Amino acid sequence: MVIGLIGSGKIGGTLAKLAVDAGHSVVLSNSRGPQTLSELVAELGPNARAATAAEAAAAGDIVVVTIPFGRYREVPVEPLDGKIVIDTNNYYFERDGHFPEIDAGETTDSEVLAAHLPGSRVVKAFNSINFAHLAEQGLPAGAENRRALPISGDDAEAKKVVTELTDSFGFDVVDAGPLAEGRRFQRDKPAYGPRLTAAELRDALARG
């Protein structure tokens, strides 16, 4: 597949490397322009190129949104229509400013992004793991104590694709349910951060 990345920081860069290592191509973008990504592209090799956010969105079979949540309105809408969008974002009011509807528990950061992208199939994933752990902790399928990562989303087929991709990166997947259930693995929740097996993660999500 071609995986587009809107945002190419620590999580985005790590996901890009995992994708290339798994045999995919990546199209990277950031807010500062393609020219600032030359070093990362060179590191990733011939299956990586840099582009604008709109170009990365248009090129990707799957597109990863991995920018500070407070800037979600910068994500291009039209090129993502009908596509699977992986949302890795977390809401940090200290960085993003306060969103009263999120603070009140009326919605979640991923639901806000999904409302911005009404034609996209948004799956929340990769937000609950440190980028260094994402790079280092993957294990082959069936390995003892393999780490599991949670996902949530409203489209079953999109979640299946993201599950298969995550498995190819070396992690089991636990489906937390609809996109709204992403609140169970957000900041300060039991499922956010620690290395957990699938059984342990299901328990942590239930306590979320």
Side-chain angles (χ1 to χ4, degrees), residues 1-16 19 24-37 40-41 48-93 95-128 151-166 176-183 185-187:
M1 293 186 293
V2 177
I3 298 177
L5 292 110
I6 298 175
S8 299
K10 291 177 177 178
I11 286 287
T14 301
L15 287 171
H24 306 293
S25 298
V26 296
V27 182
L28 303 153
S29 70
N30 64 15
S31 60
R32 293 170 292 144
Q35 70 280 358
T36 65
L37 291 166
L40 179 57
V41 167
R49 66 181 177 91
T52 65
E55 289 166 344
D61 298 310
I62 295 175
V63 178
V64 181
V65 173
T66 179
I67 61 175
F69 167 70
R71 293 169 52 194
Y72 78 89
R73 294 179 185 86
E74 298 175 22
V75 177
V77 177
E78 289 184 11
L80 294 175
D81 190 52
K83 294 190 177 185
I84 297 172
V85 173
I86 297 176
D87 173 31
T88 77
N89 299 329
N90 289 298
Y91 168 52
Y92 297 106
F93 63 82
R95 175 196 65 194
D96 302 319
H98 279 284
F99 285 69
E101 66 276 23
I102 298 179
D103 293 339
E106 296 167 0
T107 189
T108 64
D109 49 5
S110 294
E111 289 174 286
V112 170
L113 177 65
H116 174 67
L117 301 172
S120 302
R121 298 180 286 163
V122 176
V123 178
K124 187 177 188 70
F126 302 115
N127 68 295
S128 63
I151 66 170
S152 65
D154 296 332
D155 185 293
E157 177 60 27
K159 287 196 286 187
K160 181 176 183 290
V161 172
V162 175
T163 295
E164 291 171 352
L165 185 67
T166 305
L179 196 60
E181 291 300 294
R183 69 180 73 245
F185 52 99
Q186 296 182 140
R187 170 191 187 177

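As the structure is a computational prediction, the values presented were derived from the model and not from experiment. Both backbone and side-chain heavy atoms feed into the values below; hydrogens, waters and symmetry mates do not. Sequence positions, counted from 1, serve as the residue numbers for this chain.
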Closest contact, heavy atoms only, A54 versus P76: CA-CG, 4.0 Å
From CD1 (I86) to CD1 (I6), nearest 0.5 Å: 12.0 Å
I67 versus G7, closest heavy-atom pair with distance: CG2-CA, 3.7 Å
Side-chain (H24) to main-chain (I3) donor-acceptor, under 3.5 angstrom: no
Closest contact, heavy atoms only, A180 versus E111: CB-OE2, 3.5 Å
Polar side-chain atom of K83 near backbone of A57 as donor-acceptor pair, under 3.5 Å: yes
Nearest non-hydrogen partners of V41 and R49, listed with the distance: CG2-C, 3.9 Å
From D109 atom CG to K124 atom NZ, the distance as rounded to the nearest 0.5 Å: 3.5 Å
Which atom of S8 lies closest to which atom of L37, heavy atoms considered: CB-CD2, 3.8 Å
Q35 side, atom CD; N30 side, atom CG - distance, nearest 0.5 Å: 8.0 Å
Inter-residue atom distance I102.CD1 - F69.CZ, 0.5 Å rounding: 3.5 Å
Pairs involving residues 73-82, ordered by first then second residue, that meet salt bridge (charged side-chain N to carboxylate O under 4.0 Å, His left out) (sequence neighbours left out): R71-E74
Side-chain donor-acceptor contact under 3.5 Å, Y91 with D103: yes
Option from V161, L165, I151, T166 for which side chain to side chain contact (heavy atoms under 4.5 Å, CB included) with V123 holds: I151
Test item: D154 side-chain N/O and P178 main-chain N/O as donor-acceptor pair under 3.5 Å: no
Heavy-atom pair of closest approach, residues A114 and L179: CB-CD2, 3.7 Å
Worked verdict on L15 versus T88 for side-chain contact (heavy atoms from CB on, under 4.5 Å): CA-CA 10 Å; L15 287 171; T88 77; 4.1 Å; yes
Distance, nearest 0.5 Å, that separates OG of S152 from CD of Q186: 8.5 Å
Nearest-0.5 Å distance, OG1 of residue T108 to CG of residue N89: 11.0 Å
